[in-house]
There are 2 protein chains.
Amino acid sequence: MILDHRNLSDDVAAIIRKMILNGELKAGARINQAQLAEKFKISRGPVREALRSLQNEGLIKHETNKGTFVTTLSKQDAFEIYTLRALLEAEAAQLAVFNLTEKDFRKLEELLDQFYQMMVEQNLESQAQCDILFHRTIVEASKHSRLINMHRQLDTQVGAMYLTVSNKVPVRVHQVVENHQILLDVLRTKDKEKIKEIFSEHYTQTLKDLSNMTPIKG
Amino acid sequence: MILDHRNLSDDVAAIIRKMILNGELKAGARINQAQLAEKFKISRGPVREALRSLQNEGLIKHETNKGTFVTTLSKQDAFEIYTLRALLEAEAAQLAVFNLTEKDFRKLEELLDQFYQMMVEQNLESQAQCDILFHRTIVEASKHSRLINMHRQLDTQVGAMYLTVSNKVPVRVHQVVENHQILLDVLRTKDKEKIKEIFSEHYTQTLKDLSNMTPIKG
DNA sequence: TATCATATATACTTAGAAAAAATAAAGCAA
DNA sequence: TTGCTTTATTTTTTCTAAGTATATATGATA
């Protein structure tokens, strides 16, 4: 039970988060405090604290005196997550204009290359990783800590959603790479109006794809 | 220690939140777990859990093995809070167009009247309450739960900020009432483009006032 | 089907030990 | 004396262990 070890609760939260994100804990599954504590050979206190954090992240849902369950996402949730992400990211991209260095741009290019590579190798996990890192790099360049936080929170929720959704969906990866190239290009122009437009658009497309392609219950 | 009582931790969180928001716990002050537990005559577990929630809300800052402290807000924080709130609210207002009923509009009118009344009576606290409720009513009409949540979180942070800022600031209340009337009017038009414009503008003004009028350190 | 007993899980308490950090005290060098 | 480092001492957080109380779910009985 030693990871980065600053405190147990956060380590436990990280572990459970991973368990949810890689499907070890499935959507809707019950989470038993006592069992987890026993499994990790720790007491229940830190487990309870970890669960509280994860609840605030939106990965689990806790009902008093009933139990905690891995969040299940409905169509409405997917809508919410993507629209909010779009909104935040469009704003972040505009703010990022002031801060993006040539080094940042090179990093974004690199991530795009990597993304393409992972697409060729059909490595879905690394693909998703590149995707997230690409967007995160842009958002972090906004230097708007609250915006960054909220965006990251939505990212993990997207991650949880991919499990219930994306596996069954043949994502058109080529188009994704193209779209990202467009985002990168418009960032280079530093034209804030255009940036806002393109970034907002980017997500309406994603959202449309999602609602067409997947039979999410809800 | 009986309030609505679903669970102790949430009650404790509510109490501490109030203590911060009404200045009983000042910005930067240390929060001692054991002392709080003793004060409320409960054990430390629930207190720790409450603090975890409040940290996620941004009202306190916890440093591992060091302690928890009431958040102090810098100029950058004020900027972040207001810009994000503006962004979220402009979006919410557009979504609300589909859902706002005549009853909602009457409620908003009422709140404006009340606001004016409280202004005349120079009741600052009720004024702030009306202000928050006015905006919250609009945001809630968006039916976008994540957006609503984030907005509420920013609201409490605004509340915390008022303590360090607003007392020293002669708010131009007349203008505030006028501005709110404008918001209400534009909502009635149901013109989404215009709504976005006016709502965004509303906050750039607030932000400008704030940065001119207050010497927030940061 | 409704009711009561039983079992399970959560919520909280109590008491205290381990570990980290802050504080105070002592020692030493300039 | 002053400034700095090292070494206790104390405080606070972190976590443990075991157990009680309470709410919910399960399941048997009528």
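First the proteins, then the strands, lettered A, B, ... as listed; each starts at 1. The shown structure was predicted, so the numbers you read here are calculated from the model rather than taken from an experiment.
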Would you classify B:Ser9 as touching base, sugar-phosphate or nothing, given that sugar-phosphate means primed atoms plus P, OP1 and OP2, and contacts are heavy atoms under 4.0 Å? sugar-phosphate

B:Gln157 side chain to B:Glu57 backbone, donor-acceptor under 3.5 Å: yes

If you measure only the distance, is there a donor-acceptor pair under 3.5 Å linking the side chains of A:Glu80 and A:Gln76? yes

Quick one: is A:His62 getting a side-chain N or O under 4.0 Å of the C:dA9 phosphate, OP1 or OP2? no

Rounded to whole Å, please give me the gap between CZ in A:Arg52 and C1' in C:dT10. 13 Å

Will you find, in the side chains of B:Asn56 and B:Ser53, an N or O donor that is under 3.5 Å from an N or O acceptor? no

Using a cutoff of under 3.5 Å, can you pull out all pairs of nitrogen or oxygen atoms linking the protein to nucleotides 19-24 of chain D, with atom names and distances?
residue: D:dG19; atom: O6; partner: A:Arg44; partner atom: NH1; Å: 3.2
residue: D:dG19; atom: O6; partner: A:Arg44; partner atom: NH2; Å: 3.2

Rounded to whole Å, the CD-C1' distance (B:Glu49 to D:dC15) equals 14 Å

So what does B:Leu51 hit on the nucleic acid, given a heavy-atom distance under 4.0 Å: a base, only sugar-phosphate, or nothing? nothing

Remember a base hit wins even if backbone is also touched, and classify B:Gln33 as base, sugar-phosphate or nothing at under 4.0 Å, heavy atoms. base

Ignoring hydrogens and geometry, is there a side-chain-to-backbone donor-acceptor pair from B:Thr71 to B:Leu59 under 3.5 Å? yes

Take atom CD of B:Glu38 and atom P of C:dC12, then tell me their distance rounded to the nearest Å. 19 Å

Rounded to the nearest angstrom, tell me the gap between atom CZ in B:Arg48 and atom P in C:dC12. 15 Å

Looking at C:dC12, D:dT16, C:dT13, which one has an atom nearest to any side-chain atom of A:Ser43? D:dT16

Could you state the atom-to-atom distance from CG of B:Asn7 to C1' of C:dA9 in whole Å? 15 Å

Nucleotide nearest B:Pro46 (side chain, heavy atoms from C-beta), chosen from D:dC15, C:dA11, C:dT13: C:dT13

What is the distance, to the nearest angstrom, from the CG atom on A:Asp10 to the C1' atom on D:dT14? 12 Å

Sequence neighbours excluded, every pair satisfying side-chain hydrogen bond (donor to acceptor under 3.5 Å, both in side chains) that has a member inside residues 28-39 of chain B: B:Gln33-B:Arg48

Taking D:dC15, D:dT12, C:dA11 as options, the one with an atom nearest any side-chain atom of B:Arg30 is D:dT12

At less than 4.0 Å, is any side-chain N or O atom of B:Asn32 found next to OP1 or OP2 of D:dT13? Yes or no. yes

Aromatic ring proximity, centroids under 6.0 angstrom, A:His202 and A:His180: yes

By salt bridge (charged side-chain N to carboxylate O under 4.0 Å, His left out), which residues pair with A:Asp77, not counting sequence neighbours? B:Arg146

Could you state the atom-to-atom distance from CD of B:Gln35 to P of D:dT12 in whole Å? 7 Å

B:Glu63 atom CD is separated from C:dA22 atom P, nearest whole Å, by 9 Å

